[in-house]
Amino acid sequence: MSERGFRVMGVINVTPDSFSDGGRYLAAQDAIAHGLQLEAEGAAILDVGGESTRPGADPVPEAEELRRVLPVIKGLLERGTGAQISIDTSKSAVAARALEAGATLVNDVTALRGDPEMPGVVAAAGADCCLMHMLGDPRTMQRDPRYEDVVDDIKTFLSERLAAVVAAGVAEERILLDPGIGFGKTTGHNLELLRRLNELVALGRPVVIGTSRKSFLGRLTGRESPDDRVAATIATNVLAFERGARVFRVHDVAPVHDALAVTAATVSAPWTIPTNSTR
Ligand code: HH2
């Protein structure tokens, strides 16, 4: 964790069909420059993804995913990035090659269930991993999602996955947990998860939250363009920090970083006012 008590994970999508910035960073050089810019804005982690997980998205073949992400990971490291590199994938072969190339975190939206080799790959590399909850798969997940109690159900899922991944040989201190905002959830589910996030924090692992530009924010604000959802993204991230989340996956790093820096300073009161201060 950073000395400020939070880490911003900047999103680098190297996909032609990501819902908010698809195609913009397709060329590796552009993606590398974008990643370095996100780092300069305050990202401690850079999450490189070559397969869109947007609702309805089609899977991408392994060779194509590798072709998209490897040059970006290598290029970021060659250019001397100090950020941790995360690979956003559900394929063990992509994770393995990304880890060889220098990534040290596997961000898998299937919580390491999608590919039976994945837990072994993460364990063998001694890498960090993020276990995210998703109901169904990206093609079907937004069709009438239902839960008994959304927070209790996801808490049970995450604690079972945590135990399974530890049993597969991944050190517990390397595991992050994520409720998967927008992955098989209605607006009401997303809001309840944010409101009761402290219940997931109680599992004892750092909680990652990914609300950035997502469609429920569009529904709440009436903003159709994902680019216009930055203020809504900030509000959810500030609230999530206050409820105990510590890693924030976002596209708009500078505004979210600054909002969290002020929130963290306020909540944890690291600043003292000098006695002769007139301000
Ligand atoms: N959300 C997306 C992708 N990966 N990983 C984690 N841990 N948590 C999330 O909430 C999360 C995630 C979807 O957002 P985006 O990357 O913008 O879209 P796409 O999947 O279309 O690239």
Side-chain angles (χ1 to χ4, degrees), residues 7-26 31 34-35 38 43 45-60 64-65 68-69 72 84-91 94-95 103 105-114 118 122 127-135 137-139 141-142 154 157-158 161-162 165 175-185 189-190 193-194 197 200 205-218 225-227 229-230 232-233 236-237 240 245-253 256:
R7 288 192 293 167
V8 176
M9 177 189 255
V11 178
I12 309 178
N13 280 322
V14 204
T15 54
D17 58 348
S18 286
F19 77 92
S20 65
D21 56 3
R24 258 183 249 174
Y25 302 108
L26 237 198
H34 181 60
L38 295 183
I45 307 170
L46 296 172
D47 190 36
V48 181
E51 176 173 48
S52 175
T53 49
R54 64 186 291 200
D58 286 324
V60 174
E64 171 62 15
E65 203 178 323
R68 293 176 183 180
V69 297
V72 178
Q84 178 175 28
I85 308 279
S86 163
I87 174 70
D88 187 347
T89 190
S90 305
K91 297 188 185 77
V94 174
L105 167 60
V106 176
N107 176 28
D108 180 357
V109 297
T110 74
L112 275 54
R113 290 173 301 161
M118 190 64 116
V122 174
D128 295 343
C129 66
C130 176
L131 307 179
M132 197 198 79
H133 175 271
M134 168 166 55
L135 193 68
D137 65 54
R139 269 191 281 198
M141 64 190 181
Q142 287 305 100
I154 289 176
F157 170 87
L158 290 175
R161 290 307 302 151
L162 179 62
V165 170
I175 302 174
L176 310 169
L177 302 176
D178 184 335
I181 297 291
F183 286 83
K185 281 116 191 158
H189 292 144
N190 291 327
L193 281 162
L194 287 169
L197 205 58
L200 302 181
R205 299 304 312 145
V207 168
V208 180
I209 200 83
T211 60
S212 188
R213 301 180 181 177
K214 283 184 178 170
S215 59
F216 80 107
L217 300 177
S225 166
D227 288 347
R229 299 174 189 159
V230 180
T233 298
T236 49
N237 282 293
R246 288 297 174 259
V247 179
F248 302 84
R249 182 182 185 277
V250 295
H251 303 84
D252 307 286
V253 169
V256 174

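Ligands are counted one by one from 1 in listed order, and the atoms in each one are counted from 1 as well.
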Visitor: Just by distance, do the side chain of N190 and the backbone of I181 share a donor-acceptor pair under 3.5 Å?
Guide: no
Visitor: Side chain of E65, backbone of E51: donor and acceptor closer than 3.5 Å?
Guide: no
Visitor: Using only atom types and a distance under 3.5 Å, with no angle test, would you say the side chain of R246 pairs donor to acceptor with the backbone of P206?
Guide: no
Visitor: For atom 6 (C) of ligand 1, which of V14, T211, D178 has the closest heavy atom?
Guide: D178
Visitor: May I ask which of T53, V109, V250 has a heavy atom nearer to atom 20 (O) of ligand 1 than the others do?
Guide: T53
Visitor: Checking contacts here: is it the side chain or the backbone of R249 that comes within 4.0 Å of ligand 1, counting heavy atoms only? Could be both or neither.
Guide: side chain
Visitor: Ligand 1 versus D47, non-hydrogen atoms closer than 4.0 Å: side chain, backbone, both, neither?
Guide: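 The answer is neither; D47 stays 4.0 Å or more away.
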Visitor: Given side chains that start at C-beta, do those of F183 and D178 come closer than 4.5 Å, heavy atoms only?
Guide: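 No; the side chains remain at least 4.5 Å from each other.
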Visitor: Look at ligand 1 and say whether R213 reaches it with a heavy atom at a distance under 4.0 Å.
Guide: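 Not so, R213 does not reach ligand 1.
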Visitor: Show which atoms of ligand 1 fall inside a sub-4.0 Å distance from at least one heavy-atom site of G210.
Guide: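 Atoms satisfying the 4.0 Å criterion: 10 (O).
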Visitor: Taking the side chain as every heavy atom from C-beta outward, state whether I209 and L194 have any pair of such atoms under 4.5 Å apart.
Guide: yes
Visitor: Numbering the atoms of ligand 1 from 1, which are under 4.0 Å from a heavy atom of H251?
Guide: 17 (O)
Visitor: Output the list of atoms in ligand 1 that are nearer than 4.0 Å to some heavy atom of N13, sorted by atom number.
Guide: 15 (P), 16 (O), 17 (O), 22 (O)
Visitor: Which pair of heavy atoms, one from T89 and one from M118, lies closest together, and at what distance?
Guide: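 Here T89 and M118 meet closest at O-CE, 3.6 Å.
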Visitor: If the cut-off is 4.0 Å to any non-hydrogen atom of C130, which atoms of ligand 1 fall inside it?
Guide: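 The atoms of ligand 1 under 4.0 Å from a heavy atom of C130 are 7 (N).
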Visitor: Any salt bridge linking D108 with R161? Criterion: basic side-chain nitrogen under 4.0 Å from a carboxylate oxygen.
Guide: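 R161 and D108: not salt-bridged.
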Visitor: Tell me the contacting part of I209 for ligand 1: side chain, backbone, both, or neither, using a 4.0 Å heavy-atom threshold, strictly below.
Guide: neither
Visitor: What are the two closest non-hydrogen atoms of C130 and V208, and how far apart are they?
Guide: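 Closest approach of C130 to V208: SG-CG2, 3.9 Å.
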Visitor: With heavy atoms of N107 as the reference, note each atom of ligand 1 found under 4.0 Å away.
Guide: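 What qualifies from ligand 1 is 5 (N), 6 (C), 7 (N).
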